[in-house]
Amino acid sequence: MTVVRLSTKQSPVPREEIVIARQMHQALVLHFVEGLTQGQIADQLGVSQPTVNRLIKRGRQLGLVEIKIKSPVEPLIDLEERLLAVGGINRAIVVPTVSGNPQTALQAVGEAAARLLLEQITDGDTICITGGKGVSAVVAGLQVPRPFNIEVVPATGCVQGKHYTDVNHVSTLLADKLGGRAYQIHAPLFADTAAERSMLINMRSVADVFKRAREAKVAVVGIGSILTDDSSYYDLHPSSSTDRVAIERSGASCELLAHLLDDRGQVCGYSLNDSLVSLTLSEFASIPTKIGVASGPNKAKPILSIMRGNHLDTLVTDEATGMRILEIAEAEGSWA
């Protein structure tokens, strides 16, 4: 009887296929890792350029190439998404915190907000602004590609004394940089009484400025801290620093358009709120695009309060501040 034995050994891979596989591997490495052109690869391997093209194409078809792009801004994008999850804003722009110097961080935030502003505006638009260090950083960070036929108007009355608190000064600088026109407001930020506020608000020149502010397409505003020693709120009114106990008793957590707000972003029962010469927060809410600019660990809790009050569309801040906002939100159970 004849016995047929089947060999358990696999048939050897033809030498030609091994050569092709090696060439394919070499071509893929040279092209995707070392960045050589197909012509350069052809010269190095001693084959034609069409052959190299076929090797690369076949290698990709066989799944031998996996392209993974790592973005240096990936952590920032993740942080922006986490801020959106807290709620109260539609967009977050976070820049790296490249220095422990607060001025350097604010400069980077201002430049990012300036780029955003240029994306938002077109000829014929009106921009309304507050004073403050944040808005001043936006003005300083502007790199304008062409003149814009725009108007810049104050959203609040004026405080003289420091360049960043003088909203007329900041408005003029912004308009000059953009190539547009600035409107000045001839009224103080705080009236002496609520009755005097009403009189000032209804003066023709003041009323005209606030009418333009209400009709603005874009607002750029700072977010003020209240309970820290570096708060610029106390530069706005001469008696506010001596009345700090009453401010703290009112539950104030932050400042927006010089309104003192509590942890939930609601207006506090503090006397200066009643004499404030400014857009009201309901008037401010009607502006289509509202950009808040702030950075620094002392601004994290105020920013969170503003977010809770749903006062802004967009927040521009830095990474360290953004992380601090999330820490406070998580500790207080403020996740959306």
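Computed from heavy atoms alone, side chains included, the values below leave out hydrogens, waters and symmetry copies. From a predicted model like this one, the values you see are computed outputs, not experimental measurements.
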Q: Would you check if the side chain of H259 reaches a backbone N or O of L257 as a donor-acceptor pair within less than 3.5 Å?
A: yes
Q) Would a distance-only check, ignoring hydrogens and angles, find a side-chain to backbone donor-acceptor pair under 3.5 Å from D313 to K290? A) yes
Q. Do any N or O atoms from the side chain of S198 and from the backbone of A195 form a donor-acceptor pair under 3.5 angstrom?
A. no
Q.
Hydrophobic clusters here meaning ILVMFWY residues chained together by side-chain heavy-atom distances under 4.5 Å, can you tell me if L174 and V144 are in one?
A. yes
Q: Return the set of residues passing salt bridge (charged side-chain N to carboxylate O under 4.0 Å, His left out) with D208 (not counting sequence neighbours), or none when no residue passes.
A: R212
Q) With distance as the sole criterion, is a donor-acceptor pair present between the side chains of D318 and T97 under 3.5 Å? A) yes
Q | Nearest heavy atoms of V138 and A113, plus distance in Å | A | CG2-CB, 3.7 Å
Q) Hey, are the side chains of V152 and T126 touching, using non-hydrogen atoms and a 4.5 Å cut-off? A) no
Q | Polar contact flag, side-chain donor to acceptor under 3.5 angstrom, S253-D263 | A | yes
Q. Rounded to the nearest 0.5 Å, how far apart are CG of L30 and CG of L45?
A. 6.0 Å
Q) Any chain of hydrophobic side-chain contacts (each under 4.5 Å) joining V47 to L64? A) yes
Q: Output yes when a side-chain donor or acceptor of N273 lies under 3.5 Å from a complementary backbone atom of C268, and no otherwise.
A: yes
Q.
Taking M323 as the starting point, is it possible to reach L106 by hopping between hydrophobic residues whose side chains are less than 4.5 Å apart?
A. no
Q: For A175 and R181, work out which heavy atoms get closest and say how close.
A: CB-C, 3.7 Å
Q: Taking the six-membered ring of F210 (Phe, Tyr or Trp), confirm whether the NZ or CZ of R214 is under 6.0 Å from its centre and within 45° of its axis.
A: no
Q. Between P154 and A213, which heavy-atom pair has the shortest distance, and what is it?
A. O-CB, 3.7 Å
Q | Test item: V220 and L117 side chains (from C-beta on) under 4.5 Å apart, heavy atoms | A | yes
Output side-chain donor-acceptor pairs under 3.5 Å for residues 34-43, partner residues at least two apart or in another chain, one line each.
unit_1: T37; atom_1: OG1; unit_2: Q40; atom_2: N; d: 3.2
unit_1: T37; atom_1: OG1; unit_2: Q40; atom_2: OE1; d: 3.3
unit_1: Q38; atom_1: OE1; unit_2: N53; atom_2: ND2; d: 3.3
unit_1: Q40; atom_1: OE1; unit_2: T37; atom_2: N; d: 2.9

Q: May I have all residue pairs that pass side-chain hydrogen bond (donor to acceptor under 3.5 Å, both in side chains) and include part of residues 104-119, sequence neighbours excluded?
A: Q107-E111
Q | Heavy-atom pair with the smallest gap, counting every atom of A187 and V277 | A | CB-CG1, 4.2 Å
Q: Look only at the side chain of K217 and the backbone of Q120, and say whether a donor-acceptor pair between them is shorter than 3.5 Å.
A: yes
Q: Could you grab the distance from atom CD of Q23 to atom CG of L55, nearest 0.5 Å is fine?
A: 6.0 Å
Q) Would you say the side chain of S136 lies within less than 4.5 Å of the side chain of V139, judging by non-hydrogen atoms? A) no
Q.
Within the 3.5 Å criterion, strictly below it, is a donor on R324 or T321 matched to an acceptor on the partner's side chain?
A. no
(Q) Between H311 (side chain only) and A285 (backbone N and O only), is there a donor and an acceptor less than 3.5 Å apart? (A) no
Q. Considering all heavy atoms of both residues, which atom of L116 and which atom of T314 are nearest to each other, and what is their separation?
A. CD2-CG2, 3.7 Å
**Q.** Hydrophobic cluster membership, V65 vs V33, 4.5 Å side-chain cutoff
**A.** no
Q) Any donor-acceptor pair under 3.5 Å linking the side chain of D125 with the backbone of V218? A) no
Q) Atom CD of E80 and atom CD of E319: how far apart are they, to the nearest 0.5 Å? A) 10.0 Å
Q) Going from SG on C254 to CE on M307, what distance comes out if it is rounded to the nearest 0.5 angstrom? A) 12.0 Å
Q) Is it true that K301 and E332 have a side-chain N and a carboxylate O under 4.0 angstrom from each other? A) yes
Q. For the atom pair OG (S205) and OH (Y183), what is the distance rounded to the nearest 0.5 Å?
A. 13.0 Å
**Q.** Minimum-distance pair of heavy atoms, taken over all atoms of D123 and N149
**A.** OD1-N, 2.8 Å
Q. Are M203 and I201 connected in a single hydrophobic cluster, I mean Ile/Leu/Val/Met/Phe/Trp/Tyr linked by side-chain heavy atoms less than 4.5 Å apart?
A. yes
Q) With a 4.5 Å limit on heavy-atom distance, are the side chains of V167 and I185 in contact? A) yes
Q | Distance-only polar pair, side chains of T156 and T130, donor-acceptor under 3.5 Å | A | no
(Q) Donor-acceptor pair, distance only, cut-off 3.5 Å: does the side chain of K177 make one with the backbone of A140? (A) yes
Q.
Can you see whether T172 engages Q184 through a side-chain donor-acceptor pair at a distance of less than 3.5 angstrom?
A. yes
Q) Is K299 reaching over with its side chain to a backbone N or O of G224, donor-acceptor style, under 3.5 angstrom? A) no
